[in-house]
Undergrad: 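Got a structure for you, questions after.
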Amino acid sequence: MKTLEDLKRLREKLQDETRLRHSSGTQIIIGMGTCGIAAGAREVMTAILDEIAKRNLQDVEVRQTGCIGMCEKEVLVDVVRPGEPRITYGKVKPAVVSKIIAEHVVNGRIVEELVVGKITRDR
Amino acid sequence: MHELSLHILDLVQNSLEAGANDIFLEIIEDRPKDELMLRVTDNGKGMHETLLGTVRDPFVSTRKTRKVGLGLPLIDMTARQAGGSLDIESKPGKGTVVKATYCLNHIDCPPLGKIGAALKALLVGNPGVNIRYYHQVDSQTFSLSTQEIRGILHGIPLTHPDVLLWLDGHIRENLARLYGGVK
Ligand code: FES
């Protein structure tokens, strides 16, 4: 069983690892309004979390948000790398998640064909 | 939406939009009584009676008051189709309680679906919000809260890869135990 005791041991182990930084990492924001959920936002979120675990990405923040107002483009996923424009990806399917993570989150190369919006100034 | 866990995600999103930072999510499955109950209790800003009277109406909800949730009319419909009902209690400044019941054996009762994935998304995706979860299947129970987990983590984020793996296993094993899978 993965118990809370295991979590305590895990925390102790992680605290010892000096590589644990608290830098301002990349943010990934998923639209989880009603139509986002209906379009598969949960599956996309699951794929993102699995990818973070698999690639051992240490400072990515994941957040859910509500209705963004672009129903027909759901599932919507925003990626914000520190100091870079906020990129909105649309019609995201679990199958393209690993590409977005590998290209954009890890290597900073925007996946142009999936972009639906760019906000230069962070709100 | 053909899964109750998706309706749950939707309800929690409503609570978040109402400014809640403490959300209590309960799922109680009572097989002898043939009943499944979902309840989401939040400390958000609550609703006035006039708004409360309209939230089940899909036409009202999809227009001006959309922020309250296009999902509530859907839940109202699925609950009634499955021999149950939707109850909403809310007062401005006092938060909201949304409760939906279903007859478990009703042919139109939607499956719970991937509740583990939904729970993980909620816990990880809402820093700054305390999510409490209580799930009961007959006499077996599983509960957890973000506060408890964060208390143990001392500032290590829930998105840390190793924490994600722990969370995965923890949720999966406990859900399996609820349904009699693992001892
Ligand atoms: S929930 Fe998707 S645009 Fe409103």
Side-chain angles (χ1 to χ4, degrees), chain A residues 1-17 19-23 25-67 69 71 77 94 105, chain B residues 1-3 5-10 12-14 16-17 61-62 66-67 69-74 113-118 120-122 124-129 144 148-149 151-174 176-177 182-183:
Chain A
M1 281 291 277
K2 292 257 190 293
T3 62
L4 293 174
E5 285 307 312
D6 294 335
L7 184 62
K8 281 181 195 150
R9 279 192 288 277
L10 175 60
R11 180 246 302 167
E12 278 152 22
K13 183 187 132 230
L14 294 177
Q15 273 177 338
D16 290 341
E17 290 174 14
R19 70 196 162 92
L20 190 71
R21 294 153 296 164
H22 285 281
S23 57
T26 299
Q27 290 185 46
I28 303 179
I29 303 146
I30 301 141
M32 303 259 269
T34 304
C35 63
I37 297 168
R42 183 192 54 189
E43 283 66 30
V44 169
M45 169 75 110
T46 302
I48 290 170
L49 297 179
D50 287 349
E51 203 64 22
I52 290 174
K54 201 167 79 194
R55 291 175 160 271
N56 196 26
L57 303 178
Q58 306 256 337
D59 39 43
V60 177
E61 191 184 288
V62 181
R63 273 193 293 126
Q64 75 171 76
T65 189
C67 172
C71 295
V77 175
V105 176
Chain B
M1 289 195 223
H2 294 299
E3 287 182 26
S5 62
L6 296 181
H7 285 310
I8 290 172
L9 280 178
D10 194 57
V12 173
Q13 185 57 43
N14 287 347
L16 293 166
E17 269 158 39
S61 299
T62 51
R66 175 168 219 172
K67 282 259 149 70
L70 177 62
L72 281 172
L74 283 174
K114 291 187 192 140
I115 186 67
K120 187 172 143 194
L122 290 174
V124 175
N126 295 290
V129 178
L144 95 177
E148 184 181 28
I149 294 172
I152 294 173
L153 286 172
H154 286 305
I156 295 167
L158 273 141
T159 43
H160 188 288
D162 293 348
V163 176
L164 286 177
L165 290 176
W166 173 83
L167 199 57
D168 238 6
H170 184 66
I171 293 174
R172 191 160 12 86
E173 288 170 9
N174 277 290
R177 180 181 51 81
V182 181
K183 272 278 140 58

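Every chain is numbered from 1 and lettered A, B, ... according to where its sequence line falls, protein lines coming before strand lines.
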Undergrad: At a 4.5 Å cut-off on heavy atoms, which part of B/L164 comes close to chain A: side chain, backbone, both, or neither?
TA: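 For B/L164, side-chain heavy atoms alone lie under 4.5 Å from chain A.
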
Undergrad: Could you report the tightest heavy-atom contact between A/A53 and B/P161, atom names first, then the distance?
TA: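 Looks like CA-CB, 3.8 Å.
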
Undergrad: Name the region of B/L167, side chain, backbone, both or neither, that has any atom closer than 4.5 Å to a heavy atom of chain A.
TA: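 Neither the backbone nor the side chain of B/L167 comes within 4.5 Å of chain A.
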
Undergrad: Against chain B, work out which of A/D50, A/T3, A/T46, A/I30 has the most heavy-atom pairs shorter than 4.5 Å and name it.
TA: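 Ranked by contacts with chain B, first place is A/T3.
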
Undergrad: Where do B/I152 and A/R11 come nearest, in terms of heavy atoms and distance?
TA: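 Here B/I152 and A/R11 meet closest at O-NE, 2.5 Å.
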
Undergrad: How far apart are the C-alpha atoms of B/L16 and A/Q64, what are their side-chain angles, what is the distance that settles it, and do they pass the side-chain contact (heavy atoms from CB on, under 4.5 Å) test?
TA: CA-CA 10 Å; B/L16 293 166; A/Q64 75 171 76; 3.4 Å; yes

Undergrad: Any chance you could measure B/L153, atom CG, to A/L14, atom CG, to the nearest 0.5 Å?
TA: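 The CG atom of B/L153 sits 8.5 Å away from the CG atom of A/L14.
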
Undergrad: May I ask you to name which of B/L9, B/L144, B/I149 has the most heavy-atom pairs under 4.5 Å with chain A?
TA: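 Most heavy-atom pairs within the cutoff with chain A belong to B/L9.
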
Undergrad: Which pairs pass salt bridge (Lys or Arg N to Asp or Glu O under 4.0 Å) with one or both residues in residues 33-44 of chain A, sequence neighbours excluded?
TA: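 Residue pairs with at least one partner in residues 33-44 of chain A: A/R42-B/E3.
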
Undergrad: So which of A/I52, A/L49, A/I48 has the biggest tally of heavy-atom pairs under 4.5 Å with chain B?
TA: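 Most pairs with chain B among the choices: A/L49.
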
Undergrad: Please classify the contact of A/K54 with chain B as side chain, backbone, both or neither, using a heavy-atom distance under 4.5 Å.
TA: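 It is neither, since no heavy atom gets under 4.5 Å.
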
Undergrad: Chain A: which of B/K114, B/H2, B/H7, B/K120 shares the most heavy-atom pairs with it under 4.5 Å?
TA: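 Option with the top pair count is B/K114.
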
Undergrad: Looking at A/R63 and B/P127, what are the two nearest heavy atoms and their distance?
TA: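 Answer, listing the atom of A/R63 first, then B/P127: CG-CD, 3.6 Å.
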
Undergrad: Taking the side chain as every heavy atom from C-beta outward, state whether B/T159 and A/V60 have any atom pair closer than 4.5 Å.
TA: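 With C-beta onward as the side chain, the pair stays apart.
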
Undergrad: Could you give all pairs that pass the salt bridge (Lys or Arg N to Asp or Glu O under 4.0 Å) test and reach residues 26-40 of chain A, with sequence neighbours left out?
TA: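 Salt bridge (Lys or Arg N to Asp or Glu O under 4.0 Å) check on residues 26-40 of chain A returns no pairs.
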
Undergrad: Roughly how far, to the nearest 0.5 Å, is the OG1 atom of A/T65 from the CD atom of B/Q13?
TA: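 With rounding to 0.5 Å, CD (B/Q13) is 6.5 Å from OG1 (A/T65).
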
Undergrad: With side chains defined as the heavy atoms from C-beta onward, is the minimum distance between B/L165 and A/L10 less than 4.5 Å?
TA: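 No, their side chains stay 4.5 Å or more apart.
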
Undergrad: Hey, what do you get for CE (A/M32) to CG (B/L122), rounding to the nearest 0.5 Å?
TA: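 Result: 6.0 Å between the selected atoms.
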
Undergrad: Given heavy-atom pairs under 4.5 angstrom as the criterion, report whether the side chain, backbone, both or neither of B/V12 touches chain A.
TA: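 It is neither, since no heavy atom gets under 4.5 Å.
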
